[in-house]
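Throughout, protein chains are lettered first and strands after them, A, B, ... in sequence-line order, and every chain is numbered starting at 1. These numbers come from a predicted model, not from an experiment.
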Amino acid sequence: MRYLPLTDTDRTEMLARIGAPDVDALFVDVPEVARLDGPIHGLPMHASEMAVEQHMRRLSDKNLAAGDAAFFLGAGAYRHHVPASVDHIIQRGEFLTAYTPYQPEIAQGTLQMLFEFQSQVARLYGCAVANASMYDGSTACWEAISMAGRVTRKSRAVLADGLHPHYVSVVDTMAKFTGDTILSATPKLDAGCDEDALIAQIDDQTSCVVVQYPDILGRLPDLAKIAEVAQAKGALLIAVNTEPVALGAIASPGELGADIVVGEGQALGVGLQFGGPYLGLFAVRNPKHVRQMPGRLCGETVDAEGKRGFVLTLSTREQHIRREKATSNICTNSGLCALAFSVHMTLLGEKGLRALAMENHRLACLAADRLATVPGVTVINDSYFNEFTVTLGTDARDVVRKLSDDGVLAGVSLGRLYPDADGLANGLLVAVTETTSEDDIEMLASALEEALGVEVSA
Amino acid sequence: MARYFTEDHEWIDVDGDTATVGITDYAQGQLGDIVFVELPDAGAKVAKGKDAAVVESVKAASDVYAPITGEVTEGNPALEDDPALVNSDPEDGGWFFKLTIADTGELDGLMDEAAYKSFCDGL
Amino acid sequence: MSAPNASGWKPGIPTAGDTPAGPATATGNRALMLEEPLIFELAGNDTTGVDMPEPDNAAPNRLGGRERSAPIGLPGLSEPETVRHYTRLSRQNYAIDLGLFPLGSCTMKHNPRLNEKVARMPGFLDCHPLTPTQSAQGALEVIHQLGEWLKTLTGMPAVAMSPKAGAHGELCGILAIRAALEARGDARKVILCPESAHGTNPATAAFAGYEVEDIPANANGRVDLAALEARLGPDVAGVMITNPNTCGLFEPDFRKIADAVHAAGGFVYCDGANFNAIVGRVRPGDLGVDAMHINLHKTFSTPHGGGGPGSGPVVFSEALAPYAPLPFVEQLGDGSFHLVEEETAGEHHAKSFGRMTAFNGQMGMFTRALTYILSHGADGLRQVAEDAVLNANYVLRSLEDVLHAPFAHSGPCMHEALFGDKNFTGGLSTLDLAKGLIDEGYHPMTMYFPLVVHGAMLVEPTETESKAALDQFIMALRSVAERANAGDPTLKTAPHFAPRRRLDETQAARKPLLAWSDPALV
């Protein structure tokens with residue numbers, strides 16, 4: 001077995017040192033009935049590197065890779081070009097095969113990277129402090145609601161109807177067990193967000209208002225207006241962002257008054273990966289809220305010789321010290337994804353991120369204008385960044401499945417996201433990034449023309 | 001004014017029906033460098049023997065129990081900016097909170113300074 | 001002419017005398033030990049390492065008045081500067097690729113590079129989580145196949161693949177337990193955890209709304225069965241027990257514990273963090289487990305990545321299976337794979353407690369773990385457990401004469417060896433020994449955990465270390481332990497040769513500096 005260095009001679013010598021007759025003697029504490037006497041049934045025997053690679057290649061080839069299609073899927077996971085150097089750096093063994101930096105003297109690489117990452121995220125979000133990452137955007141969203149409960153000592157969360165329905169599901173799941181009250185609603189296919197309807201739900205018992213920006217339909221809610229009312233009622237505004245590239249073009253949630261900003265960082269550096277691992281981002285505008293934050297935090301300090309160095313800090317919030325009184329049970333986070341995000345962001349810089357954002361927006365406008373010319377297609381949004389909603393005049397799920405067979409991944413149908421909302425069944429989310437070519441847009445438009453034309457004539 | 005001590009290493013200065021609470025020099029020595037103190041808000045009701053504050057070192061968080069039942073009137077604002085006061089001046093400037101005593105009878109079971117000293121010597 | 005290297009020196013042999021410090025350098029660097037500024041100090045806001053079209057001001061703008069006006073303050077570097085920055089940082093890290101990484105309970109084993117290659121195959125890396133399922137059959141097959149084999153390896157009938165890490169898996173298991181209890185109208189309030197439990201166990205139980213009570217350990221470092229039985233009752237929802245436990249010992253009474261908990265109407269959660277010690281040799285399902293998470297980043301060697309990502313699939317007993325979270329993968333009669341989401345869950349999976357994460361779990365970890373399992377096979381996995389246990393016992397028996405080994409009398413350990421600080425003198429602590437080990441070129445073991453042993457040191461060598469590597473490590477640890485036992489004051493100031501000396505964690509916590517700010521603006 002190529003990964004196991006011990007030889008039989010080694011094993012014999014080591015057993016002699018231990019004073020055990022054989023390796024079975026080391027498993028003496030396992031009750032006889034629970035010991036398997038040979039290799040477990042139902043699994044193949046070991047295989048060569050080449051054989052395994054071939055097997056996995058066959059499985060990979062059964063998927064339609066985004067790069068092999070005209071691709072328009074988004075809804076919380078976005079395809080962007082990842083520079084080659086990002087993957088090179090995250091594959092360096094000193095990053096890839098390191099552990100959580102609990103021994104700071106020999107983990108300054110990871111720690112300085114995390115400090116830089118936290119600083120980048122804080123700036124992008126317009127916040128004072130960001131943590132060293134969460135699992136993904138959806139779990140970060142729940143953690144933010146949980147934190148708002150600790151800060152305000154209230155437990156009624158109002159979710160905007162534009163919050164990703166899977167995020168709403170995660171929140172509902174957790175709230176069932178914690179007893180928090182969650183108010184949520186299904187979005188309507190309107191051109192803009194209805195901030196007034198949301199604001200009307202905020203009362204003195206509200207711990208937080210949760211608003212996605214851009215929202216699930218791609219619209220851009222007025223955070224400042226919501227923040228003002230929420231804060232006047234003693235509630236926190238939690239802004240959720242699932243597309244960090246957007247923040248190169250639109251104002252940051254922090255500068256618009258959000259108290260906690262969370263999001264999905266996957267779009268930068270991480271890749272689609274069928275949903276994970278992703279990168280939860282978590283930041284707060286008020287530094288006084290830091291002690292209620294979940295997750296790891298890296299801070300600057302000095303060593304015994306006075307040199308600057310970095311350590312994990314404020315650990316008494318965390319499970320390994322505070323146990324049942326911890327702010328969260330999170331332990332392992334998304335360290336390597338944070339590195340990928342940070343490297344990609346460093347390569348972009350301010351200039352690159354703004355240019356990338358504008359290119360996304362330019363292509364999205366181009367796509368919306370082209371799709372609007374397809375008979376049967378109506379563009380819903382009056383504002384958007386790189387994703388918008390169209391209606392097709394027929395069930396979008398069927399159209400998406402049909403186009404997939406023709407190598408066009410047309411978008412995410414609202415019917416899949418909201419199976420119980422009949423009024424949304426014709427809706428389709430279309431995401432456009434710098435990886436989308438004008439040819440791709442034309443392919444989508446003509447495929448829709450054909451599909452909807454068939455529908456109409458049938 | 002009289003000072004009493006608990007077996008959990010809190011001290012309490014009593015002046016009529018008001019009192020000031022902190023942790024002892026022995027306690028701060030055991031905890032090491034204090035990095036943060038979480039104090040109860042004014043108006044909070046605390047109960048004898050129950051959690052009232054949290055004191056944190058780098059690697060540990062310890063509950064501080066109320067020596068006596070009462071209503072908190074004020075936390076020590078100096079500890080927010082300078083938690084190290086608990087190390088440098090635990091039994092005076094590093095006080096934690098003041099409260100209004102609900103029942104002075106609860107003081108009966110507490111130790112005086114001599115009793116507390118011999119209690120610590122026995123640890 | 002003298003022969004080259006007449007001294008016979010080779011790596012691993014100490015040099016005589018103290019190491020000279022040498023003169024100060026103008027840069028602060030020490031040859032290959034290179035200091036590296038922060039990106040904020042290296043870069044301005046107008047450099048970039050990507051080529052993008054210049055923004056076209058005449059292009060349409062549909063941002064609805066939300067345009068960003070203020071600068072973000074993000075530094076940018078060209079590609080060569082970026083590669084150099086992160087390469088220099090990487091060299092300040094210890095890693096498995098550099099040497100034995102004996103962190104007990106963390107399972108720092110070699111990460112096979114084939115797994116990395118496979119995870120980057122376009123069909124896996126470049127596949128959207130909401131792509132129509134007919135275009136993701138390979139991805140769904142990976143999830144399904146891995147799930148089937150996790151069920152086989154644990155002897156359990158059901159699996160949930162979506163939890164994102166070990167602690168998230170714990171939460172999944174505890175939520176399923178709570179959902180099952182609530183379904184029978186049973187509002188039990190208490191979860192029992194041994195004192196030696198990982199901190200995530202009580203934190204998880206509390207997060208799920210439970211009160212947590214300790215179960216004491218006996219003199220052999222195992223759960224005190226009598227004390228546990230005495231505590232069981234109609235208010236106890238279940239127990240969370242790590243097996244092998246955090247002292248590196250198998251719980252021989254686990255089956256009896258499980259039977260007692262079941263008889264009292266509760267459920268048994270097993271923390272599977274240490275499954276690597278028994279994989280392929282023992283099936284937890286045979287021991288009465290109702291739910292157990294498996295850290296793919298431990299047992300199945302997906303990389304730790306400096307703190308994540310992890311992956312924490314959870315296997316379930318029949319009793320809990322109906323409550324497993326969405327989404328999950330099903331194989332249909334025609335052999336194709338189907339993703340069960342809210343859209344289709346209503347009829348057949350109505351008892352599911354809900355969704356734990358936006359998408360389908362840690363696919364990038366599934367491909368790596370499946371590759372690992374295929375590479376090892378049933379025979380290789382069994383050998384993994386045997387070699388992990390053999391290596392740990394070799395360390396235990398090679399050092400028990402210098403380091404206090406509190407449970408060594410009770411028999412062999414499993415995959416990790418536990419020591420305490422009892423023999424140290426001169427006011428030296430476990431921390432000092434750990435920092436001394438850094439100077440010898442090793443990452444320290446897990447320190448001060450589990451809490452049941454004073455100054456605990458938990459050493460997990462893993463199966464991917466050769467005998468020569470173990471012998472070198474044992475020699476180094478023996479040397480540092482002898483210095484600690486003799487009260488050597490130079491350990492108090494260790495490490496001396498790492499990129500940094502001891503860091504002031506008190507200052508970091510008292511005056512938190514958690515993001516960079518330009519000194520010129522402060």
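Contact of C/Pro112 with chain A is made through backbone and side chain together, with heavy-atom distances under 4.5 Å. Heavy atoms of C/Ala43 lying under 4.5 Å from chain A are absent altogether. For C/Pro512, the part lying under 4.5 angstrom from a heavy atom of chain A is the side chain only. Of the two parts of C/Thr87, the backbone and the side chain both hold a non-hydrogen atom closer than 4.5 Å to a non-hydrogen atom of chain A. C/Glu465 touches chain A through its backbone: at least one of N, CA, C or O sits under 4.5 Å from a heavy atom, while the side chain does not. Looking at C/Pro325, neither its backbone nor its side chain comes within 4.5 Å of chain A, counting heavy atoms on both sides. Both the backbone and the side chain of C/Thr200 come within less than 4.5 Å of a heavy atom in chain A. Proximity to chain A (any heavy atom under 4.5 Å) is restricted, for C/His297, to the side chain, taken from C-beta onward. Only the side chain of C/Val118 comes within contact range of chain A, with at least one heavy atom under 4.5 Å from a heavy atom of that chain. With a 4.5 Å cut-off on non-hydrogen atoms, C/Asn111 touches chain A through its side chain but not through its backbone. Of the two parts of C/Phe207, the backbone and the side chain both hold a non-hydrogen atom closer than 4.5 Å to a non-hydrogen atom of chain A. When heavy atoms are compared at a cutoff of 4.5 Å, A/Val302 approaches chain C by way of both its backbone and its side chain. Contact annotation for C/Ile438: only side-chain heavy atoms (C-beta onward) come within less than 4.5 Å of a heavy atom of chain A. Only the side chain of A/Pro83 comes within contact range of chain C, with at least one heavy atom under 4.5 Å from a heavy atom of that chain. Using a 4.5 Å cut-off between heavy atoms, A/Leu96 touches chain C through backbone and side chain atoms alike. Using a 4.5 Å cut-off between heavy atoms, A/Val311 contacts chain C through its side chain alone, with no backbone atom that close. For chain C, the nearby part of A/Thr313 is the side chain; its heavy atoms alone come within less than 4.5 Å. In this structure, chain C has no heavy atom under 4.5 Å from any part of A/Asp61. With a 4.5 Å cut-off on non-hydrogen atoms, C/Glu386 touches chain A through its backbone and its side chain both. When heavy atoms are compared at a cutoff of 4.5 Å, C/Met356 approaches chain A solely by way of its backbone atoms N, CA, C and O.
In terms of heavy-atom pairs under 4.5 Å with chain C, the best-connected choice from A/Thr100, A/Leu339, A/Leu73 is A/Leu73. Each of C/Ala208, C/Gly64, C/Gly209, C/Pro303 has some count of heavy-atom pairs under 4.5 Å with chain A, and the biggest count is that of C/Pro303. For the set C/Ala136, C/Ala498, C/Gly380, the count of heavy-atom pairs under 4.5 angstrom toward chain A peaks at C/Ala136. For chain C, the option among A/Ala326, A/Gly271, A/Ala34, A/Ala25 with the highest count of heavy-atom pairs below 4.5 Å is A/Ala34. Most heavy-atom pairs under 4.5 Å with chain C: of the set A/Leu64, A/Val23, A/Asp29, this distinction falls to A/Asp29. The candidate with the highest count of non-hydrogen atom pairs below 4.5 Å against chain A, out of C/Asp286, C/Thr371, C/Val212, is C/Thr371. Put simply, of C/Glu79, C/Gln507, C/His168, the one with the most heavy-atom pairs under 4.5 Å next to chain A is C/His168. Each of A/Lys325, A/His88, A/Glu305 has some count of heavy-atom pairs under 4.5 Å with chain C, and the biggest count is that of A/Glu305. When A/Lys307, A/Gln118, A/Glu434 are compared by the number of non-hydrogen pairs under 4.5 Å with chain C, A/Lys307 comes out ahead. Of the listed residues C/Glu342, C/His110, C/Gln134, the one with more heavy-atom pairs under 4.5 angstrom with chain A than any other is C/Gln134. For the options C/Leu287, C/Leu153, C/Thr367, heavy-atom pairs under 4.5 Å to chain A are most numerous at C/Leu153. Of all the listed residues (A/Thr301, A/Thr97, A/Leu247, A/Val290), the one sharing the greatest number of non-hydrogen pairs under 4.5 Å with chain C is A/Thr97.
A/Arg123 is linked by a salt bridge (Lys or Arg N to Asp or Glu O under 4.0 Å) to nothing, counting only residues two or more places apart in sequence or in another chain. Under the salt bridge (Lys or Arg N to Asp or Glu O under 4.0 Å) criterion, A/Glu13 pairs with C/Lys467, not counting sequence neighbours.
Counting only N and O atoms by type, the side chains of A/Thr173 and C/Arg355 include no donor and acceptor under 3.5 Å apart. Side-chain polar atoms of C/Arg66 and A/Ser383 form no donor-acceptor pair below 3.5 angstrom. C/Asn93 and C/Ser90 are not linked by any side-chain donor-acceptor pair at a separation below 3.5 angstrom, with hydrogens and angles left out of the test.
A distance-only check finds no donor-acceptor pair linking the side chain of C/Ser311 to the backbone of C/Lys164 [under 3.5 Å]. Distance alone, capped at 3.5 Å, places no donor-acceptor pair between the C/Asp379 side chain and the A/Pro39 backbone. Distance alone, capped at 3.5 Å, is enough to place a donor-acceptor pair between the A/Glu350 side chain and the C/Ile72 backbone. Judged by distance alone, the side chain of C/Asp126 and the main-chain N or O of A/Gly67 form a donor-acceptor pair under 3.5 Å.
C/Lys435 has a carboxylate O that lies under 4.0 Å from a charged side-chain N of A/Glu105, or vice versa, which qualifies the two as a salt bridge.
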- prompt: Yes or no on ring pair (Phe, Tyr, Trp, His ring centres under 6.0 Å) for C/His443 and A/Tyr99, after CA distance, side-chain angles and deciding distance?
  reply: CA-CA 10 Å; C/His443 194 285; A/Tyr99 193 68; 7.5 Å; no

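Taking the six-membered ring where the residue is Trp, C/His128 and C/Phe359 present perpendicular rings, their angle passing 60° and hence far from 30°.
Seen from the ring of C/Phe353, C/Arg178 does not count as a face-on cation partner, given the 6.0 Å and 45° thresholds.
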